[in-house]
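First comes the structure, then the notes that go with it.
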Number of protein chains: 2
Amino acid sequence: MGTHHQGSETEIAALDAYLKLMRAAESVTARAHVALPPGLTLTQFAALEALLHCGPLFQSELATKLLKSGGNLTLVVANLERDGLVTRERTAADRRFVKVALTPKGRRYIGTLFPKIAASLTREFSVLTPREQTALARLCKRVGLGRPAYATS
Amino acid sequence: MGTHHQGSETEIAALDAYLKLMRAAESVTARAHVALPPGLTLTQFAALEALLHCGPLFQSELATKLLKSGGNLTLVVANLERDGLVTRERTAADRRFVKVALTPKGRRYIGTLFPKIAASLTREFSVLTPREQTALARLCKRVGLGRPAYATS
DNA sequence: TCCCGATAATTTGACATCAAAACATCCCCT
DNA sequence: AGGGGATGTTTTGATGTCAAATTATCGGGA
């Protein structure tokens, strides 16, 4: 939303906040992206990171954690499997579920990569003081959670 | 980034802020997306909105404003043209440039749609007080701009 | 005038993304 | 035992997205 819209004070404030929120997210994402080795996408990284810190997960759990659709995860995990970074296995108990786990190669890969990305993001956010980072996180959390459905006021 | 990572205090704070920033952006985007008429994507909306509030633009200007690649805009604008919402015309002075403009249909369309989306976003951000919205915008702006390249400290 | 570098757009190939339809399985209920 | 609904995954079709290669055009300098 540019600066050319005429509306009420509250509307302008909300649109301004929205615009800057999106720009910040896109900018940080773009800068984090260039820190990734060529060939590894952001979603692939996020999936590997989840597996590293949570252990093997069902594909549906992965989709929920990454806020992505199930169909999407099918492709992302398939590409990771193709690259030898994860394994997929139908569970014996319920053959509908697919358990995704890191291979040794995948574990080494994300294990060395994650600290670098974490350091990179830490550097990005160092433009804010620790107190400001906390404030930003708190505000973003409330926006992310949204207004409860029953609070219609 | 889950809660399972062990790192320094500053690293954890930065990753937490990053996670919540991204979640907020994704959540608001998702909720704004459902408010769009089926068939119109977020990028298409953003392009039409820019044209409504800025007037006809070169395709390259549009790409810069939307923070998207040139190749991407070629496709997005082509789809809008196919739907009869914009026109594309090579400028006579310099035939490399393509001027994109709203058609009357496109103007009516975005003209009635934008206020609805603006109201929807205003509602989203009403979980924050005006003062909090300003604070969020200010913090996001600094994160979005990033650390100047010469400030290597 | 002609060549060459710069710039705008398009094309290409790979991946992401969703919604919806199709499959595969499971499990409850009769 | 069997039908039917629920659930996880996969497929399909359309769009978005980028980087890199290509094309078209322009402008300045030899």
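So that the names make sense, note that chain A is the first sequence line, chain B the second, and so on, each numbered from 1.
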Notebook entry, point to check: Taking the nucleotide of DNA chain C with the closest heavy atom to each, which residue, A:T91 or A:V76, is nearer the 5' end?
Noted result: A:V76

Next item on the list: For A:L42 and for A:A93, locate the closest nucleotide of DNA chain C by heavy-atom distance; then report the residue assigned to the nucleotide nearer the 5' terminus.
Entry: A:L42

What's [X] touching, base or sugar-phosphate or nothing? Going by heavy atoms closer than 4.0 Å.
| X | answer |
| --- | --- |
| B:T74 | base |
| B:L75 | base |
| B:T41 | sugar-phosphate |

Notebook entry, point to check: Among all residues two or more places apart in sequence or in another chain, which pass the salt bridge (Lys or Arg N to Asp or Glu O under 4.0 Å) test with B:E26?
Noted result: none

Which whole-number value in Å describes the distance from [X] [atom1] to [N] [atom2]?
| X | N | atom1 | atom2 | answer |
| --- | --- | --- | --- | --- |
| B:L67 | D:dC18 | CG | C1' | 14 Å |
| A:E81 | D:dT9 | CD | P | 14 Å |
| A:N72 | D:dG8 | CG | C1' | 15 Å |
| B:R95 | D:dG27 | CZ | P | 13 Å |
| B:Q59 | D:dT17 | CD | P | 14 Å |
| B:L73 | D:dT15 | CG | P | 16 Å |
| A:R90 | D:dT7 | CZ | C1' | 12 Å |
| B:E26 | D:dG16 | CD | P | 19 Å |

Spatial distance of atom [atom1] ([X]) from atom [atom2] ([Y]) [nearest 0.5 Å]:
| X | Y | atom1 | atom2 | result |
| --- | --- | --- | --- | --- |
| A:E49 | A:I117 | CD | CD1 | 10.5 Å |
| A:R138 | B:D16 | CZ | CG | 12.5 Å |
| B:F45 | B:L66 | CZ | CG | 11.5 Å |
| B:L136 | A:L139 | CG | CG | 5.5 Å |

Next item on the list: Can you establish whether the number of heavy atoms outside B:K116 located under 6.0 Å from its atom NZ is more than 12?
Entry: no

Check: Nearest to the side chain of A:F97 - D:dT25, D:dT17, D:dG8?
Finding: D:dG8

Margin query: Measuring from the side chain of B:R96 (C-beta onward, heavy atoms only), which nucleotide among D:dT11, D:dC18, D:dA24 has the closest atom?
Written below: D:dA24

Notebook entry, point to check: Phosphate oxygens OP1/OP2 of D:dG16: is one of them under 4.0 Å from a side-chain N or O of B:N79?
Noted result: yes

Margin query: Does a side-chain N or O of B:S69 approach OP1 or OP2 of D:dA19 to a distance below 4.0 Å, or not?
Written below: no

Note to self: With side chain to side chain contact (heavy atoms under 4.5 Å, CB included) as the test, pick out the partner of A:V100 among A:V86, A:L80, A:L73.
What the structure shows: A:V86

Item checked: Member of A:L21, A:T10, A:L15 meeting the side chain to side chain contact (heavy atoms under 4.5 Å, CB included) criterion with B:F125 -> A:L21

Margin query: I want to confirm an ordering. Mapping A:V34 and B:G39 to their closest nucleotides on DNA chain D, which one lands closer to the 5' end?
Written below: B:G39

Check: Hey, where on DNA chain C does chain B first and last touch, going 5' to 3'? Cut-off is any atom under 4.0 Å from a heavy atom.
Finding: C:dA6 to C:dT11

